[in-house]
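What follows is a short report on a single structure.
When a ligand or atom number is given, it counts from 1 through the structure's own listing order.
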Amino acid sequence: MALVVDNGKSVGNAPFDVIVIGAGIAGLYQLYRLREIGLSVRVFETGGGLGGTWYWNRYPGARFDSESYTYGYSFSEELLAEWNWSEHFAAQPETLRYLNHVADRFDLRRDIQFDACVVSAVFDDAQRQWTVMLDTGERFSARFLVTAIGPLSAHTLPRIPGVESFRGQAFHTSRWPSEPVDFTGRKVAVIGTGATGVQVIQTIASQVGELTVFQRTPNWCTPLHNRPITEDEQRTIKAGYPQMFELLRRTPGCYIHNTDPRGTFEVTPEEREAFWEKLYAEPGFSIWMANFRDVLTDPKANALFSDFVARKIRQRVKDPVVAEMLIPKCHGFGTRRVPQETRYYEAYNLPHVRLVDTRRTPIDRITESGIRTSVTDHAFDMIVYATGFDAVLGAFERIEFRGPDGSSLKDHWREGPKTYLGLMSAGFPNLLTIVGPHNASTRCNIPRCIEQNVDWVAGLIRDARDRGITRVEATAGAEAEWTHHVQGLAEGMLYAQVDSWLTGINSNVEGRDVRRILQYQGGAPAYRARCDEVAANGYAGMTLS
Ligand code: NA7
């Protein structure tokens with residue numbers, strides 16, 4: 001095999017057409033599509049197995065909030081026909097089995113290199129190719145580089161002194177061990193009450209000896225209403241796939257739920273209450289996605305609905321002091337990610353479950369034996385860090401991307417991401433950032449937006465190959481226009497006025513204290529239309545040579 005030579009030094013085997021970073025849902029499907037058009041592809045995956053999110057997040061209680069059958073890949077009728085989801089909202093082991101099944105069925109593994117962590121990627125303009133370096137020092141080159149690194153993959157431990165000093169067991173939820181963890185009789189602390197913390201807490205509460213939850217900010221959690229899929233439902237789901245995917249193409253977030261066209265104050269108080277009761281009894285995200293059209297934009301509508309959910313929390317939590325601690329006071333419903341729960345609030349009615357408000361009694365440090373707050377020392381056998389991710393940007397910053405003039409992507413995005421279609425950045429040719437910032441995918445039933453991103457990127461690379469084009473790059477003007485457009489779409493949205501990972505805030509990471517517009521808020525149909533228009537117009541906004 002020919003060697004690529006760089007300044008007289010061998011840098012690896014013959015270049016691939018495309019290198020993909022990440023073997024999660026996006027990377028697997030990108031590999032499938034690129035191989036289908038006859039390209040040589042190598043996927044590098046940090047994990048020891050495939051699945052991305054579903055490989056790493058194997059903590060107790062991890063499961064979908066999207067209906068299972070809306071989440072699976074849609075590209076293969078045979079796959080849709082043969083796979084039976086067992087529950088309306090499948091748990092992590094089933095999803096990981098599904099992704100492994102997909103990889104085997106389409107023979108994807110042979111192009112994936114596991115335990116391969118990419119640390120840098122440098123573009124050589126003379127060769128018109130990227131060279132990526134792994135943490136082992138090995139280097140590989142390709143004409144195109146596709147990042148499929150996920151918006152929630154760079155996990156973060158809390159910036160609290162003493163994290164390394166704890167002598168008991170400690171796990172971040174996104175680095176959960178593969179062997180079973182026994183909670184029986186143990187004193188367990190959970191730090192964090194986001195979507196992950198909620199799933200962990202409700203699952204382990206009945207297994208532990210004692211559970212202490214350290215909550216900094218409560219979230220508005222609503223019932224998931226999960227249940228098994230019956231045989232009749234299975235048949236109906238499979239027969240209805242074409243219509244369902246058609247519906248998902250029309251809704252803003254590619255969920256089966258669509259915004260109610262009515263305004264909150266256009267109906268009588270009785271109608272409103274009945275509608276909200278109905279939503280509260282419905283499965284999944286309908287309460288967030290199919291609510292009145294103004295609940296996420298009009299502060300008065302939002303406050304009224306937040307009051308409704310607060311009443312539910314008060315009804316479900318026996319101790320009124322604890323109930324008040326669990327009701328968010330500094331942000332309205334749906335302005336942060338809504339955790340979906342199953343008897344989460346009832347967990348706080350158990351005698352061995354305690355809630356600590358870390359705003360009132362901050363965590364001073366982690367000690368050898370547990371957690372020291374401003375008022376006392378708590379002893380634990382185990383600490384679970386459900387402290388989340390350096391969302392959207394973190395995974396990009398953990399790899400050093402350098403364009404042809406040596407400038408880094410991190411510097412280019414220092415004041416916030418600058419992209420074209422959330423898929424490219426000016427100054428970084430042949431780099432395609434699927435599911436990256438400013439892309440519809442981070443506000444989406446993610447596999448649906450992943451499929452759109454991947455198909456678009458595969459189309460671009462195929463067209464480039466067919467036309468003998470070896471370099472594609474977003475223009476600075478197109479990047480500025482798209483970035484401005486994305487920022488404008490977020491104006492007036494209540495979520496943009498609140499701290500959370502959706503706005504890029506993370507107290508555990510230096511510099512993540514300024515809110516950023518990270519997501520495209522125009523809805524997946526408009527995003528898809530714009531991407532299609534760009535392609536149809538000969539990749540307007542890009543230079544191709
Ligand atoms: P999230 O939603 O970012 O939640 C992290 C939680 O950890 C949240 O409650 C944080 O409180 C808390 N946290 C983080 N750092 C600290 C420190 N230093 N001290 C106390 N508490 C802390 O991550 P998840 O994993 O739950 O969910 C991420 C997404 O994955 C989720 O939205 C789904 O889409 C899938 P805070 O709210 O910042 O006050």
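Taking the six-membered ring where the residue is Trp, Trp482 and Tyr420 present perpendicular rings, their angle passing 60° and hence far from 30°.
Counting heavy atoms from C-beta outward, Gln199 and Thr173 have side chains that stay 4.5 Å or more apart. Side chains of Phe114 and Leu50 form a contact here, defined as non-hydrogen atoms less than 4.5 Å apart. By the 4.5 Å heavy-atom criterion applied to side chains, Tyr527 and Asn439 are counted as neighbours.
For the residue pair Tyr59 / His172, no side-chain donor-acceptor distance below 3.5 Å is found, with atom types taken as modelled. With hydrogens and angles left out, the side-chain atoms of Tyr495 and Gln521 include a donor and acceptor closer than 3.5 Å.
Protein residues lining ligand 1, listed by chain and number: Leu152, Pro158, Ile191, Gly192, Thr193, Gly194, Ala195, Thr196, Arg216, Thr217, Arg336, Arg337, Arg359, Ala386, Thr387, Gly388, Phe389, Trp501, Asn508 [non-hydrogen atoms, distance under 4.0 Å].
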